[in-house]
Amino acid sequence: MSTIVEIQDTITVGDLAEKISIPVTKLITELMKNGVMVTVNERIDFDTAEIIVGELALDYELKLKSVTHQTDEMNKKLNKTVSDSAETRPPVVAVMGHVDHGKTSLLDAIRGTKTTDDESGGITQHISAYQVAHNDRKITLLDTPGHEAFAAIREHGARLTDLAIIVVAADDGIKPQTQEAIRFAKNAGVKIVVAVNKIDKPDADINRIKQQLADQELLIEEWGGDIVLQPVSAITKEGIPELLDMILLVADVEDLRADVDVPGQGLIIESRMEQGKGAVAVALIEAGTVKPGDYIVAGATYARIRTLTDTNNQPIQAAGPATPIVVTGFKELPEFGDTFFVVQDEKIARTKAKNHAISHRQISGKVNVNSLELLKIMNRSKELNELNIYIKADVKGSLTSLMDSLRSLATDEVAVRVIGSGIGAITDSDVQLAQSSSAIIYGFHVQPTKSAKQIAARDNVMIETYDVIYELIDNIKQQLSTLLAPEIKETELGRVLIKGVFKTTKNDIICGGEVTKGKLTLPALARVVRDKEEIAEAEVIGLQRGPNEAKEVVEGEMCGLHLKTNTKIPVEVDDRIELFTRETIIRKL
Ligand code: GDP
């Protein structure tokens with residue numbers, strides 16, 4: 001059983017070391033190994049702390065303090081675990097595709113299949129998410145008005161979408177935005193259903209699209225692949241029920257389930273001020289149940305839910321997983337992308353919102369400095385560190401030769417993963433896609449557009465542009481080098497057999513003994529060894545020969561040691577203390 005240690009959203013390195021009973025130097029070394037350069041008094045956030053404690057394989061488990069459950073954390077994990085009592089939930093579906101291929105018309109047609117009966121006067125006000133019923137089951141549709149919104153949702157870490165419908169006009173075929181949509185969906189790891197729209201048109205050519213899809217490495221079922229393709233017409237409604245059947249079928253295969261009997265939690269997907277209502281938030285529940293009157297925290301604000309309705313304005317008494325809800329009662333406007341969760345009472349809600357505000361401020365400054373490093377640990381796979389990059393070039397030829405050069409860069413430890421590439425200037429959506437995959441953008445003979453530059457600066461996306469291939473490759477090499485775990489070199493200075501312990505306080509030990517090997521000098525670290533087992537590590541802050549401070553003490557001489565630790569380790573007579581130095585050597589490719 002591991003010991004549970006409760007910490008706040010952020011903690012100083014020194015405090016954490018104390019709580020998990022290891023020398024602060026060891027913790028700093030581990031952080032450095034993971035690319036986080038911090039000193040003893042600097043703060044790291046909960047996520048980083050949790051990862052590091054995990055890496056150290058200690059018998060400690062970190063928990064967020066003063067929260068009834070770890071929703072923020074849970075939401076960040078892509079593969080959420082659910083309990084045995086989890087229930088089947090509706091699939092959450094996003095519709096994407098090239099402009100004018102019929103996304104809006106298709107969404108309207110799908111809504112029409114359910115809402116024709118109770119729609120009062122066909123209100124066409126934009127709503128970001130809604131549910132439709134098909135065969136007595138529900139489907140949640142996200143009305144993402146473009147890839148930007150989809151990217152933004154991804155960027156906020158939640159796996160909100162289970163399935164993407166890629167709309168392709170049968171008379172037009174696959175276009176650049178279709179390709180981009182496919183890339184988005186693939187990168188997000190969501191299932192793809194292709195809706196070939198406008199089949200009512202005389203020049204519709206479904207076979208051509210099947211071939212084009214194969215060119216994009218999407219092989220349809222008919223051809224032995226696993227991509228579901230459904231011909232539809234948003235105008236005649238042909239194929240729409242079948243499309244919904246397919247969505248449910250894919251959902252069944254995915255076995256989408258969520259816990260219902262837990263406090264509600266999810267993501268804010270829209271928020272606005274409305275006259276007479278105040279702050280109104282549209283949210284998508286990911287797990288649990290939300291009811292009117294619940295206390296709910298979203299980012300730095302909270303609410304006692306005053307009204308709870310579905311996105312058709314109908315009041316609901318309790319809403320479960322994958323349901324889009326409209327909530328009023330927030331003190332301030334929550335932000336798009338804030339995770340929300342239900343808490344027990346107002347006091348917890350207030351504290352949690354306040355803590356979020358504080359930790360957000362503290363972290364954001366830090367993240368700017370270290371974001372790349374932090375992202376790297378977050379994205380790191382255990383064995384292989386990958387550098388995500390996104391490449392834009394002026395012509396196909398240079399893109400091909402760049403790709404070839406990149407292949408030679410991989411080693412056993414690190415590799416380059418090209419998450420996207422294309423010809424032409426670096427655009428807004430390149431930046432968004434790069435951000436959602438924590439990638440660096442490389443431009444070869446191309447520059448970012450003005451607004452792409454602004455977005456990149458705002459969102460902390462790195463853009464590197466080059467006119468010489470080897471300089472570009474050199475930069476990638478440098479970036480890859482930062483992914484290599486630094487080499488930690490320890491050099492033993494000497495050993496002391498402890499003959500007496502003179503003073504121990506909480507953090508200080510003064511002891512003495514005979515140097516049995518080597519030559520002791522400062523600065524040094526000390527390892528306390530008892531019965532051949534290392535029991536602690538400390539910093540040596542003083543070295544004495546007799547009553548005097550000494551610069552060095554050699555084998556055969558008696559010496560005094562002043563050790564400093566973070567935890568109380570009583571050194572005993574007959575313990576062996578080994579003095580050593582530790583260097584962190586940054587490696588290069
Ligand atoms: P979006 O930009 O992808 O949202 O595309 P829209 O839904 O706005 O549709 C673009 C145009 O295609 C509009 O003029 C629609 O009326 C037309 N359209 C959409 N779906 C169909 C269809 O199934 N058949 C035909 N003939 N026209 C369609």
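Note that ligands are numbered from 1 as they come in the structure, with each ligand's atoms numbered from 1 the same way. Note that the structure is a prediction, hence the values are computed from the model and not measured.
Crowding of Q179 atom CD: a count of heavy atoms from other residues, nucleotides or ligands under 6.0 Å exceeding 12. Heavy-atom neighbours of K191 NZ from other residues, nucleotides or ligands within 6.0 Å: at or below the threshold of 12. Other residues, nucleotides and ligands contribute more than 12 heavy atoms inside 6.0 Å of the CG atom of D245.
Atoms of ligand 1 lying under 4.0 Å from any heavy atom of H98, numbered from 1 in the order shown and given with element: 3 (O). Listed by number with element, the atoms of ligand 1 under 4.0 Å from a non-hydrogen atom of K103 are 1 (P), 2 (O), 3 (O), 4 (O), 5 (O), 7 (O). Near S105, the atoms of ligand 1 lying under 4.0 angstrom from a non-hydrogen atom of the residue are 6 (P), 7 (O), 9 (O), 15 (C), 19 (C), 20 (N).
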*Show your reasoning for whether side-chain hydrogen bond (donor to acceptor under 3.5 Å, both in side chains) applies to S451 and D428.*
CA-CA 7 Å; S451 79; D428 295 6; 2.6 Å; yes
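Of all heavy-atom pairs between L106 and A195, the closest is CD2-CB, 4.1 Å. Taking all atoms of both residues into account, the shortest heavy-atom contact from S405 to I473 is CB-CD1, 3.6 Å. Taking all atoms of both residues into account, the shortest heavy-atom contact from A170 to R208 is O-NH2, 4.1 Å.
Of the protein's non-hydrogen atoms, N197 ND2, 3.1 Å is the one closest to atom 20 (N) of ligand 1. Residue, atom and distance of the protein heavy atom nearest to atom 4 (O) of ligand 1 are T104 OG1, 2.5 Å. For atom 2 (O) of ligand 1, the nearest protein heavy atom (residue, atom name, distance) is D100 N, 2.8 Å.
Comment: D100 does not engage K175 in a salt bridge, judged by the lack of any side-chain N to carboxylate O separation of less than 4.0 angstrom.
Taking distance alone, with nitrogen or oxygen atoms compared against 3.5 Å, A234 approaches ligand 1 more closely than that limit. Remark: ligand 1 and G102 share an N or O pair separated by less than 3.5 Å (distance only, no angle test). Remark: ligand 1 and K201 share no N or O pair separated by less than 3.5 Å (distance only, no angle test).
Comparing heavy-atom distances from atom 11 (C) of ligand 1 across E238, K237, H101, K198 singles out K198 as nearest. The option from D108, V196, I235 that lies nearest to atom 22 (C) of ligand 1, judged by heavy atoms, is I235.
At a 4.0 Å heavy-atom cut-off, ligand 1 touches D200 through the side chain alone.
There is no protein heavy atom less than 4.0 angstrom from atom 14 (O) of ligand 1.
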